[in-house]
> 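Have a look at the structure that comes next, please.
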Amino acid sequence: MEGHGSYSQAYRVGQGAGILPFWAFAQSSEGHTVFDSEFERNLFELRRTKLAEIEKLGQAAYPNQFPASHTVPEVREKWSAVSAEELDANRVTVAVAGRIMAIRAQGKAGFATLQQGGQRLQIYVRMDAVGEQGFALYKLLDLGDHIGVTGYLFRTRTGELTVHVERLTFLSKAMLSLPEKYHGLADVELRYRQRYVDLFTNLDSREVFVKRAKVLKAVRQFFDERGYLEVETPMMQQIAGGAAARPFRTHHNALDQDLFLRIAPELYLKRLVVGGLDRVYEINRNFRNEGVSTQHNPEFTMLEFYQAYANYHDLMQITEELMEFVARAVNGTPVTEFYGHTIDLSRWQRLSMREAIRQYWPEEAGPKPALTAFESAEVLRARLHAAIGSLEKAAGLTTQITPERLSELKTIREAVTAVYYDSMKDAPLGKSIYNLFEAVAEPFLIQPTIIYDYPVEVSPLSKAKPDDPAHVERFEFFAGGFELGNAFSELNDPVEQHKRFEQQLSERDRGDDEAHQMDEDYVRALAYGLPPTGGEGIGIDRLTMLLTGSKSIRDVILFPLMRKESTSKDKEPEIS
RNA sequence: GAGCUCGUAGCUCAGUAGGUAGAGCAACGCCCUUUUAAGGCGUGGGUCCUGGGUUCGAAUCCCAGCGAGCUCACCA
């Protein structure tokens, strides 16, 4: 199996490798160890001698299994409502395993709390019940150890459901000390880098990822029930298409060929619709070589789905149904709390992009653009110029404006100014409109909103509106102030598609390195005939953020990308 | 890429007229057979992120670097 390769790799001691063989931990002098301190080194040594003592008691240091009768959550579910009297009358024996998260010894007895599956169960160990050997083992246990216990359920004086242990089985030792038990692991950086610690010390964090799994499951259920086929398309592509973004580059040695990590699966999924897979969806990673922020991780999970014979009106309907369905599956309600906002994913508003600009136009920017302003670059530019002036004037009236609003206005003014200057540099009108929308409206789209009818210039893969060639049948939808997804009636005219790609190439020449590349094979696929098709992409990470009340995308990604951790040893001269 | 803030014991945090560091948890020893942020007595643990500088003296002031968070830019 392929696994062997990575196994030996993980156990090689290499420069800068964070993974070390077990025996390296024992090296107490300098050299490569994961310990920065005497404290951890000493603790590790101490725990090793404890492990040896545990073995002397007849227990395996690293046994291979424990036959539990119940999980901790199962015990809690089954007996949390059962009274002390009933438990005494009908004695229930259970075997459960878990990690010790609290331990309190009291002479010849003691309590400990086992954690498993995100839930906790108290155990009570007394010498006269487990014997001297058993109690000797108990005294060798540390916070973080895994143990299995067999015993009967009872309730303590304070009424807590507890296992009265009759047999104690050692399962695995924590060789390092756990975070502070009351606050847990609070350091954000450590929580991301050492997610394994975060997950068992901060149960809220665990809950986020449980919900994330529910999001994925609900999405699959939704599409499976509607006759979609789940597919997987290439993540290494010769042309990184389907979106506007800078790709990561890589290289295949045997083929001596440069490849891109995909920025979207879109063009492959539509090839599948050409191939007769009328309804397909894919959930997988996209990679974009862009900045990192609370809303952007270089690799992120995207859902894309395509449906033949559907247009963007159908997709709006599906989107609203899907969002409500997923929210209910994850939280039991379409309502989610997101940083002071109550967001109801069963209630959507729909606005055209031009309406949205007018509706969210800040009053400090003067009169909102007339609908006709969106038809002429010159007229729009003049309106922008005036708006910038008004915004500057408003910024001067600091006494009449709250600091928050002032800061918002500053952001808006800077964005509008950027749109204005881009327009001076002959940016296409549609691009200005789109950027203007992002400047004045997007951050304020807290409640679920569909924004439809996008300018053709920013939508190289979408189909034009039959009665309005300047706009395409495309929408994006928003909640919590950020974009969740993007959908459109797919352009299926190969001649038109070829022309759009060429327009993108000229945008590239104008300096836009995120403009789309030419994909001749995709055009050929269209030439075989793509039925009228609607397609949509939804950011799973952002949806999860919304449904878990997480403000940073890193809180919903198990191992977000971090800069390489440098230790003092790394600073010594390197070979390069 | 820019601005702001932060980096002190394994963890959570104190610590400025600049005088070579403290608490709680965790650890170690002893006591305690219904505790639950158990308790009591005692002990150990720190290149104060790194490197320079100012100073008789730097965790503290200055500069540079590294890492992180937030905001912005880019984007989804």
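Protein chains get the first letters and strands the later ones, always in sequence-line order, with residue 1 at the start of each.
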> Quick check for you: among B:A68, B:G10, B:C28, whose closest atom lies nearest to any side-chain atom of A:E189?
B:A68

> Taking the side chain as every heavy atom from C-beta outward, state whether A:T233 and A:R262 have any atom pair closer than 4.5 Å.
yes

> Pick the nucleotide of RNA chain B nearest each of A:Q295 and A:A415; which residue has the one closer to the 5' end?
A:A415

> Go through B:A76, B:U12, B:U33 for me and flag the one nearest to the A:H183 side chain.
B:U12

> Report yes or no: is there a donor-acceptor pair, N or O only, under 3.5 Å between the side chain of A:R126 and the base of B:U33?
yes

> Over how many whole Å does the gap from A:L43 atom CG to B:G29 atom C1' extend?
16 Å

> Crowded around A:R193 CZ? As in, over 12 foreign heavy atoms under 6.0 Å?
yes

> Could you check whether any side-chain N or O of A:H164 sits under 3.5 Å from a backbone N or O of A:Y124, counting only pairs where one atom can act as donor and the other as acceptor?
no

> Suppose we define a pair by two distances each less than 3.5 Å, Watson-Crick or G-U wobble; what does B:A27 pair with here?
B:U43

> Which nucleotide in the set B:G10, B:A68, B:A73 lies at the smallest distance from any side-chain heavy atom of A:E40?
B:G10

> Is it true that a side-chain atom of A:R542 and a backbone atom of A:A479 form a donor plus acceptor pair closer than 3.5 Å?
no

> Mind checking the C1' distance from B:U35 to B:C6? Whole angstroms is fine.
39 Å

> Looking at residues 550-557 of chain A, who's got a heavy atom less than 4.0 Å off RNA chain B?
A:S552, A:R554

> Below 4.0 angstrom from OP1 or OP2 of B:U35, is there any side-chain N or O of A:T156?
no

> With a 3.5 angstrom cut-off on both distances, give the Watson-Crick or G-U wobble partner of B:A64, or none if there isn't one.
B:U50

> Check the distance between B:A76's P and A:F437's CZ and give it to me in whole angstrom.
12 Å

> If you only use heavy atoms from C-beta on, which nucleotide in B:U34, B:A27, B:G69 is closest to the side chain of A:R47?
B:A27

> Hey, are the side chains of A:I451 and A:E442 touching, using non-hydrogen atoms and a 4.5 Å cut-off?
no

> Once you round it to whole Å, what is the distance between P of B:U33 and CZ of A:F135?
9 Å

> Would you check if there is a donor-acceptor pair between the side chains of A:E476 and A:Y454 at a distance under 3.5 Å?
yes

> Of all the nucleotides listed (B:C74, B:U33, B:G69), which has the minimum atom distance to the side chain of A:R246?
B:C74

> Taking B:A17 as the reference, what is the distance to B:A64 when you measure between their P atoms (whole Å, please)?
26 Å

> Using the C1' atom in both, what is the distance from B:C74 to B:G1, to the nearest Å?
9 Å

> Between B:C28, B:C13, B:G69, which nucleotide gets closest to the side-chain atoms of A:A186?
B:C13

> If you measure from the P atom in B:A59 to the same atom in B:A21, how many Å do you get, rounded?
8 Å

> Would you indicate which nucleotide in B:C11, B:A27, B:U34 comes nearest to any side-chain atom of A:F154?
B:U34

> Has the side chain of A:R99 got a donor or acceptor atom that lies under 3.5 Å from a matching backbone atom of A:G144?
yes

> Evaluate ring pair (Phe, Tyr, Trp, His ring centres under 6.0 Å) for A:F478 paired with A:F437, printing each intermediate quantity in order.
CA-CA 13 Å; A:F478 302 80; A:F437 161 75; 5.6 Å; yes

> When the P atoms of B:C49 and B:G42 are considered, how many whole Å apart are they?
31 Å

> Does a side-chain N or O of A:R157 approach OP1 or OP2 of B:U35 to a distance below 4.0 Å, or not?
yes

> Rounded to the nearest angstrom, tell me the gap between atom CG in A:L178 and atom P in B:G24.
20 Å

> Whole-Å distance between B:G10 P and A:D198 CG?
20 Å

> Give me the distance, rounded to whole Å, that separates B:C61 from B:U16 when you measure between the P atoms they each carry.
10 Å

> When you measure from the side chain of A:Y182, which nucleotide among B:A37, B:C11, B:A76 comes out closest?
B:A37

> Mark yes or no: A:R350 above the aromatic ring of A:F475, with NZ or CZ under 6.0 Å from the six-membered ring centre and no more than 45 degrees from the axis.
no

> For a quick check, tell me whether the side chain of A:D128 and the base of B:U33 share a donor-acceptor pair closer than 3.5 Å.
yes

> Within residues 140-147 of chain A, which residues have any heavy atom lying less than 4.0 Å from an atom of RNA chain B?
A:D142, A:L143

> Looking only at heavy atoms, what is the nearest atom pair of A:A327 and A:L345, with distance?
CB-CD1, 3.9 Å

> In this structure, how many angstroms lie between the P atom of B:U34 and the CZ atom of A:R155, rounded?
19 Å

> Return the nucleotide paired to B:G1: Watson-Crick means purine N1 to pyrimidine N3 with N6-O4 or O6-N4, wobble means G-U with N1-O2 and O6-N3, both under 3.5 Å.
B:C72

> Could you tell me how far B:G15 sits from B:C30 if I compare only their P atoms? Round to whole Å.
37 Å

> Among B:U33, B:A68, B:G10, find the nucleotide with the atom closest to the side chain of A:A109.
B:U33

> Figure out the NZ/C1' separation between A:K410 and B:A2, and round it to whole Å.
11 Å

> Could you label the plane-to-plane angle of the A:F477 and A:W348 rings as parallel, tilted or perpendicular, counting under 30° as parallel and over 60° as perpendicular?
perpendicular

> Is a side-chain donor-acceptor pair under 3.5 Å present for A:N486 with A:R474?
yes

> Using only heavy-atom distances, decide whether a donor-acceptor pair under 3.5 angstrom links the side-chain of A:Q122 to the base of B:U35.
yes

> Using the C1' atom on both, measure B:G65 against B:A9 and round to a whole Å.
25 Å

> Is it the case that the side chains of A:E304 and A:Y306 hold a donor-acceptor pair, with the cut-off being a distance below 3.5 Å and no angle test?
yes

> Considering only side-chain heavy atoms of A:Y192, which listed nucleotide, B:A27, B:G69, B:A73, is closest?
B:G69

> Can you tell me how far C1' of B:A9 sits from CD of A:E38, to the nearest Å?
13 Å

